[in-house]
Protein chains: 2
Amino acid sequence: MPASRVTLADVARRAGVSRTTASFVMSDRTDMRISDEARQRVLAVAEELGYRPNLTARGLRTTVTRTIGLISDTIATTQFAGEVIHGALDTALAHDHLLFVVETSDDPAVEQRLIEGMLDRQVDALVYATMYTRVATPPPALDGRRVVLLNSLDETFDGPRVLPDELAGGRNAAAALVRAGHTDGIYSIGGRHLIPATPDGAWAGRLRMQGAEEVLAEAGLELSGTVECAWEAADGYAAVSGLLETGIRPRALICLTDRLTLGVYQALQQAGLRIPEDVSVVSFDDSALASWLRPGLTSVALPHYELGKAAVDLLLNGDQSRAVHRIDMPIRTRQSVAPPAADRS
Amino acid sequence: MPASRVTLADVARRAGVSRTTASFVMSDRTDMRISDEARQRVLAVAEELGYRPNLTARGLRTTVTRTIGLISDTIATTQFAGEVIHGALDTALAHDHLLFVVETSDDPAVEQRLIEGMLDRQVDALVYATMYTRVATPPPALDGRRVVLLNSLDETFDGPRVLPDELAGGRNAAAALVRAGHTDGIYSIGGRHLIPATPDGAWAGRLRMQGAEEVLAEAGLELSGTVECAWEAADGYAAVSGLLETGIRPRALICLTDRLTLGVYQALQQAGLRIPEDVSVVSFDDSALASWLRPGLTSVALPHYELGKAAVDLLLNGDQSRAVHRIDMPIRTRQSVAPPAADRS
DNA sequence: GTGAAAGCGCTAACAC
DNA sequence: GTGTTAGCGCTTTCAC
């Protein structure tokens, strides 16, 4: 016998008050004076009966459902989506909200159906998210709704956006190396992602490299070289193997993703080079992989939890005006960075 | 101006019919005869006005919201949750349902709040999921609700459960090796997870090993040995290093998880052994890692997408009686298994 | 201080 | 074939 069968009217009747009075008590409203005695009685009865307000009924009346929609392009292929959802959910829960979670698979027709489904269920607001940073434009169905963009570079959007602070992330990566005492033989693996498929590079890559180069320059240093390539494991393997074959002996590597670093580790270890004794490695993502690798990989975190959290915070309290909110990319230190050994060349 | 401001009454008025007629047309009901002419008119007006039914209002009246709740213990730490959500969502969408997604972090108080939140919003049914298989018992708040358990070993639950078919999975792993022509030097890395923390091993481990041993026995073969250990990368590294140090030269390895295999790869490659030429490797999980590794790892998939799909299917159409539904664990073939080389001992 | 009554947008008896 | 009417469980104006 579902508990939700207990209605406000039941509570009111049993407490000997009107539904109005019961309603005011249950929603903690003070703009109407209720005798303390009546209030206590209502509360006691509600407790005793296990009364829970029917939020769909309330929503019908008030047009607020305390429910928000989270639209993601993909959720299965990365662990990032899980973190965004987690951050969004924690924050929503803290404000007594719940989340519809939805995945479009980048199919506009699916997206349309899902958005309609959420709108039909009267969501109060929506976060429009992508799992990697790119230009993602919310469809017209979202016009006029309370929306925040997560990870989107869409400059035309007239509302708040949350983005990882990639420039600061790049600075953090280089700073870890500088702090450890590295001065030369520092290479970037992955670089700006300047490959035929993305001739302009990737937004994240450009900013990370800019940040890293700034920090090096401030220390009077510079990169010894950059291998521009895509950011998959195989690319990392090929990049470092290639470097080593030309006789280059790097002392520190800035790798653009953890996946890429997986290949880098294999190439390094295959060449008999030890991490971090012979070469230090910093990476980006701080994915689960970073902790699985041996030695543990020091990595600059993509702050997906915080992105989800910030997006929902903005939806619930924040200013709805056009603005970009940059979220910190903290470095997670493990064992892959060490001071350079005395020169053995 | 939100489109949902168009109401059924608006449509009815504009089409010159009563709300009843409009309602029957919109919900495609045939138990009342409506003139074809009226039906067309209503449909046309609805289309023109962009009418969308308010599902919370409908839910208030009918007590069905076409919304289901997905309760997970964790969603951020693995990519599995994403796959469960994906499977559940696809299936829900196919039936015009939406999903509340919620994460308890194994905190009963949080779980209670979240469940109440979903119940207050009148969800029709719920899936109670854990990300790894274990005994998980739904709290009393769920009593009397339409629920299916995903990944739970709770024998006391009086309803449907969906579980990976680990026994068949174990058979698939061993079969891949037998098919490739392996006859000896086959070792299990990880085994039943017989470590001090889990003296009885793990459910999945026991079944996988049982399945593997069955298949080997059917081929007149047997395992040359098993290294019982936990299922993390470091354990795989230690296990294989240990094996090699004792002079053992395995020809094929059955590793209990992809993470474990990451360590196994490192130990093998560090010892100069090539995969798959010198040693074949099969694993379990088919996580993203399996495709990142070099060579690509042949792995028996944990069918999280299918688990999510099956759970929602059961909720929506299925028989609600006590039953265990076992989901296939197909093997994903990559490059890590090959016929054994001619003996070089 | 409290209650009667109306109505949110919808469905469903029942009457015509 | 179609319309009238009465709610679903809640909030809220307004009168007492």
Side-chain angles (χ1 to χ4, degrees), chain A residues 2-43 45-46 49-67 116 119-124, chain B residues 2-43 45-46 49-67 116 119-124:
Chain A
S4 58
R5 297 272 49 191
V6 176
T7 170
L8 223 212
D10 296 335
V11 173
R13 192 170 327 129
R14 195 108 126 85
V17 299
S18 73
R19 271 147 74 235
T20 311
T21 303
S23 173
F24 272 70
V25 171
M26 292 318 296
S27 33
D28 257 332
R29 289 183 48 172
T30 56
D31 53 331
M32 185 190 186
R33 290 148 311 181
I34 306 259
S35 65
D36 218 57
E37 193 240 347
R39 144 164 280 109
Q40 295 309 332
R41 222 165 13 166
V42 170
L43 257 17
V45 170
L49 263 37
Y51 169 72
R52 303 239 90 220
N54 179 328
L55 260 33
T56 73
R58 177 180 293 177
L60 183 55
R61 191 63 238 256
T62 60
T63 71
V64 354
T65 54
R66 304 187 83 80
T67 298
E116 283 174 350
L119 260 22
D120 293 349
R121 288 168 182 80
Q122 312 299 119
V123 295
D124 298 333
Chain B
S4 57
R5 297 275 49 189
V6 176
T7 170
L8 223 210
D10 296 336
V11 174
R13 191 169 330 130
R14 196 108 127 88
V17 300
S18 73
R19 271 146 71 233
T20 310
T21 304
S23 173
F24 272 70
V25 170
M26 292 317 297
S27 30
D28 255 332
R29 291 183 46 174
T30 56
D31 52 332
M32 184 190 188
R33 288 148 312 178
I34 306 259
S35 66
D36 218 56
E37 193 241 347
R39 141 165 282 108
Q40 295 309 334
R41 221 165 13 163
V42 170
L43 256 18
V45 170
L49 263 37
Y51 169 72
R52 302 240 90 218
N54 178 329
L55 260 32
T56 75
R58 179 181 291 176
L60 183 56
R61 190 65 239 251
T62 60
T63 71
V64 351
T65 54
R66 303 188 84 80
T67 298
E116 282 174 351
L119 260 22
D120 294 349
R121 289 168 181 80
Q122 312 300 118
V123 294
D124 297 334

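We name chains A, B, ... by the order of the sequence lines, and we start the count at 1 in each one.
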A/Arg14, CZ: over 12 other non-hydrogen atoms inside 6.0 angstrom: no
Value in whole Å for how far the C1' atom of C/dC8 lies from CZ of B/Arg19: 11 Å
Rounded distance (Å) that lies between atom P of C/dA12 and atom CZ of B/Arg61: 7 Å
Sugar-phosphate, base or nothing in reach of A/Thr62, heavy atoms under 4.0 Å: sugar-phosphate
Interatomic distance where CZ belongs to B/Arg39 and P belongs to D/dG1 [whole Å]: 12 Å
Atom-to-atom span, CG of A/Leu49 to P of D/dG9 - whole angstrom: 14 Å
5′-ward residue of the pair B/Ser18/A/Asn54 relative to DNA chain D: B/Ser18
Whole angstrom value for the distance that separates C1' of D/dC10 from CG of A/Leu8: 7 Å
Side chain B/Ser23 and base C/dA12 donor-acceptor under 3.5 Å: no
Distance, rounded to the nearest Å, where B/Arg66 contributes CZ and C/dC10 contributes P: 16 Å
Sugar-phosphate, base or nothing in reach of A/Arg29, heavy atoms under 4.0 Å: sugar-phosphate
B/Asp10/B/Arg13 salt bridge by N-O under 4.0 Å criterion: yes
No-hydrogen, no-angle side-chain donor-acceptor test under 3.5 Å, B/Thr21 and B/Ser18: yes
Touch class at under 4.0 angstrom, heavy-atom based, for B/Ser35 against every strand present: sugar-phosphate
Presence of B/Thr21 side-chain N/O under 4.0 Å of D/dT2 phosphate oxygens OP1/OP2: no
Integer-rounded Å distance: D/dT11 P and B/Leu60 CG: 12 Å
Non-hydrogen atoms of A/Arg66 and A/Asp124 that approach each other most closely: N-OD2, 2.7 Å
Name of the residue among B/Thr67, B/Thr65, B/Asn54, B/Thr56 meeting side-chain hydrogen bond (donor to acceptor under 3.5 Å, both in side chains) with A/Arg121: B/Thr67
D/dC10 phosphate, OP1 or OP2, under 4.0 Å from A/Thr7 side-chain N/O: yes
Sugar-phosphate only, base, or nothing, as touched by A/Ile34 at under 4.0 Å among non-hydrogen atoms: sugar-phosphate
Base of D/dT11 paired with side chain of A/Thr20 (donor-acceptor, under 3.5 Å): no
Atom-to-atom span, CG of B/Leu55 to P of C/dC10 - whole angstrom: 10 Å
